[in-house]
A.B. asks: 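This is the structure I have questions about; it appears just below.
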Amino acid sequence: MNNILVIGSGVMGNGIAELLSINGIKTTITDTSVKSLNQSKEKILFSLNSLVNKSKITNRQKNIALENIDFKEKIDQKMNNLDLVIEAATEDFNIKKEIFSTVEKKISPDCILASNTSSISISKMASQLKFPERFIGMHFFNPATIMKLVEIVKGQKTSTETCNKILEFTKRIGKIGVISKDYPGFISNRILMPMINEAIEALRQNVAGVEEIDSVMKLGMAHPMGPLKLADLIGLDVCKSILEVLRDGFNDDKYNPSKLLVKMVNEGKLGRKTKQGFYNYNIDKNN
């Protein structure tokens, strides 16, 4: 796999494209928004410089990355040269369905389609496709350049060949692939999101403050980051969306998003990306 398209220039799309390009893979990142693409260029360059400064990559790797990454507003009519397409768009089934139905018509029969979804059913998305056997989940974690895990989700009709190719590719880019069956939330978010939701409930019930809750989980449970700060990093809107997928998928009200989480999302306090969540990122740069 030497020629890859990443769809979506948000946090995850940028991170995935940056990771691939660092590993010498010809990578194109596309988005319908020119503004978003321009911001993507700036953010990826900033991130690469930061990785160099932290000695995570060398200057040579940075230059390799810049040579291998391209930015395009529109997808070409034919994309026969692609080996893999990774979708990293908004966590919305209808948006993803439209992307894949469009892309599938333009790629070669050998190209694999992958979604970076963190919770939406791979089998459900694949059911809209002509060739569901070449469709798979590749759930990267933020920041994609640093986090070692890729959660590989095999849909009901995903072929063994497709799964093996993605496992090998994951090793090639320095990551560890863990295979999950296609259940709501897969492995990671089925376990993580109820914990985050419970931390938010503890805050809502005034059991303790934000820093106290996070400190207990860091110092007592050896978590590298407290659940409330992690929720800010993920995005509170994304957390709410995943919890709703879990609730609806399992038909179980125990996954209902906390009333405080719903309130904050409705107020536009979504975490780091809006500079305001459980922490105020306009004031404290260390948070």
Side-chain angles (χ1 to χ4, degrees), residues 6-18 29 31-47 50 87-96 116-120 139-147 185 188-189 192-204 206 208-215 217-218 223-246 255-287:
V6 177
I7 300 175
S9 61
V11 172
M12 290 310 302
N14 288 344
I16 294 167
E18 182 182 352
I29 184 167
D31 201 296
T32 54
S33 168
V34 176
K35 180 181 178 182
S36 183
L37 275 178
N38 288 334
Q39 291 174 340
S40 177
K41 292 178 186 178
E42 295 173 4
K43 289 175 181 177
I44 288 175
L45 179 58
F46 178 85
S47 177
S50 178
E87 168 273 321
T90 304
E91 194 73 350
D92 182 291
F93 171 74
N94 290 322
I95 291 173
K96 293 179 186 293
N116 182 56
T117 180
S118 55
S119 61
I120 298 172
H139 180 205
F140 290 81
F141 291 77
N142 186 29
T145 52
I146 303 298
M147 300 295 280
S188 57
N189 282 317
L192 175 65
M193 285 303 156
M195 183 195 73
I196 287 178
N197 203 40
E198 196 62 30
I200 298 170
E201 266 298 283
L203 179 65
R204 187 183 74 84
N206 202 28
V210 171
E211 292 187 2
E212 287 76 13
I213 291 169
D214 277 357
S215 292
M217 297 307 292
K218 286 192 295 181
H223 289 198
M225 182 182 293
L228 298 177
K229 186 173 284 189
L230 179 56
D232 277 354
L233 178 64
I234 294 168
L236 302 193
D237 53 336
V238 176
C239 292
K240 175 176 174 289
S241 174
I242 295 171
L243 284 162
E244 289 168 345
V245 167
L246 290 168
Y255 297 107
N256 273 334
S258 167
K259 291 179 181 177
L260 176 57
L261 175 60
V262 174
K263 179 176 181 289
M264 292 179 70
V265 171
N266 290 340
E267 291 173 351
K269 298 175 181 177
L270 308 182
R272 284 180 180 269
K273 58 188 171 185
T274 60
K275 305 296 183 183
Q276 179 66 59
F278 294 108
Y279 293 85
N280 186 339
Y281 298 93
N282 285 311
I283 295 174
D284 189 350
K285 295 181 179 179
N286 293 321
N287 285 328

A.B. asks: Can you name the nearest heavy-atom pair linking Leu37 to Ile29, along with the distance?
C.D. replies: CD2-O, 3.7 Å

A.B. asks: Taking the side chain as everything from C-beta on, heavy atoms only, tell me whether Leu192 gets closer than 4.5 Å to Ile234.
C.D. replies: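 The answer is yes; the side chains approach within 4.5 Å.
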
A.B. asks: What's the shortest heavy-atom distance between Asn94 and Asp92, and which atoms?
C.D. replies: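 Here Asn94 and Asp92 meet closest at N-OD1, 3.0 Å.
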
A.B. asks: Could you check if a side-chain atom of Ile200 sits within less than 4.5 angstrom of a side-chain atom of Phe278, using non-hydrogen atoms only?
C.D. replies: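 A side-chain contact under 4.5 Å exists here.
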
A.B. asks: Begin with the C-alpha distance, continue with both residues' side-chain angles, and end with the deciding distance and a verdict on side-chain contact (heavy atoms from CB on, under 4.5 Å) for Leu233 and Met225.
C.D. replies: CA-CA 10 Å; Leu233 178 64; Met225 182 182 293; 4.1 Å; yes

A.B. asks: With a 4.5 Å heavy-atom cut-off, do Ser40 and Asp31 have their side chains touching?
C.D. replies: no

A.B. asks: A quick test of your reading: do over 12 heavy atoms of other residues, nucleotides or ligands sit less than 6.0 Å from CD of Glu267?
C.D. replies: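 Buried by this count: over 12 neighbours within 6.0 Å.
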
A.B. asks: Nearest 0.5 Å, please: how far is CG in Leu236 from CD in Gln276?
C.D. replies: 9.5 Å

A.B. asks: side-chain contact (heavy atoms from CB on, under 4.5 Å) for Met217 and Met195? Distances and angles first, verdict last.
C.D. replies: CA-CA 10 Å; Met217 297 307 292; Met195 183 195 73; 4.0 Å; yes

A.B. asks: Any donor-acceptor pair under 3.5 Å linking the side chain of Asn116 with the backbone of Glu87?
C.D. replies: no

A.B. asks: Given the rule in the side-chain contact (heavy atoms from CB on, under 4.5 Å) test, do Thr117 and Lys96 qualify, once you have shown the distances and angles that lead to the verdict?
C.D. replies: CA-CA 9 Å; Thr117 180; Lys96 293 179 186 293; 4.2 Å; yes

A.B. asks: Ser119 and Glu91: side-chain donor and acceptor closer than 3.5 Å?
C.D. replies: yes

A.B. asks: Report the C-alpha distance between Lys273 and Asp232 in whole Å, list the side-chain angles of each, state the deciding distance to 0.1 Å, and finish with yes or no for salt bridge (charged side-chain N to carboxylate O under 4.0 Å, His left out).
C.D. replies: CA-CA 8 Å; Lys273 58 188 171 185; Asp232 277 354; over 6 Å; no

A.B. asks: Write down the atom of Ile242, the atom of Asn189, and the distance for their closest heavy-atom approach.
C.D. replies: CD1-ND2, 3.6 Å

A.B. asks: With a 4.5 Å cut-off on side-chain heavy atoms, are Tyr279 and Lys229 touching?
C.D. replies: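 Yes, side chains in contact.
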
A.B. asks: CD/Glu201 to OG/Ser258 distance, rounded to the nearest 0.5 angstrom?
C.D. replies: 4.0 Å

A.B. asks: Could you give me the CA-CA distance, side-chain angles and deciding distance for Met12 and Asn142, then say whether side-chain contact (heavy atoms from CB on, under 4.5 Å) is met?
C.D. replies: CA-CA 7 Å; Met12 290 310 302; Asn142 186 29; 3.6 Å; yes

A.B. asks: Is any side-chain heavy atom of Ser241 less than 4.5 Å from a side-chain heavy atom of Val238?
C.D. replies: no

A.B. asks: In plain terms, say whether Glu18 and Lys43 are close enough for a salt bridge, that is, a side-chain N and a carboxylate O under 4.0 Å apart.
C.D. replies: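 No, Glu18 and Lys43 are not salt-bridged.
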
A.B. asks: Measuring from Phe140:CZ to Ser118:OG, what's the distance to the nearest 0.5 Å?
C.D. replies: 13.5 Å

A.B. asks: Kindly indicate whether the side chain of Leu261, heavy atoms from C-beta on, has any atom under 4.5 Å from the side chain of Ile196.
C.D. replies: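 A side-chain contact under 4.5 Å is absent here.
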
A.B. asks: Is the closest side-chain heavy-atom distance between Ser47 and Asn14 below 4.5 Å?
C.D. replies: no

A.B. asks: Specify the closest pair of heavy atoms between Pro257 and Val262, including all atoms of both residues, with the distance to one decimal.
C.D. replies: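 Minimum heavy-atom separation between Pro257 and Val262: CB-CG2, 3.9 Å.
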
A.B. asks: Testing the basics here: between Phe93 and Ile120, what is the closest heavy-atom pair and its distance to 0.1 Å?
C.D. replies: N-CD1, 3.6 Å

A.B. asks: Looking at Thr274 and Gly271, would you say the former's side chain and the latter's main chain have a donor-acceptor pair under 3.5 Å?
C.D. replies: yes

A.B. asks: Do Lys240 and Met193 come within less than 4.5 Å of each other through their side chains, counting heavy atoms only?
C.D. replies: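 No, every pair of side-chain atoms sits at 4.5 Å or beyond.
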
A.B. asks: Grab the two heavy atoms, one from Pro227 and one from Ile213, that are nearest each other, plus how far apart they are.
C.D. replies: CG-CG2, 4.4 Å

A.B. asks: How long is the straight-line distance from CE of Met264 back to SG of Cys239, given to the nearest 0.5 Å?
C.D. replies: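 It is 10.5 Å, given to the nearest 0.5 Å.
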
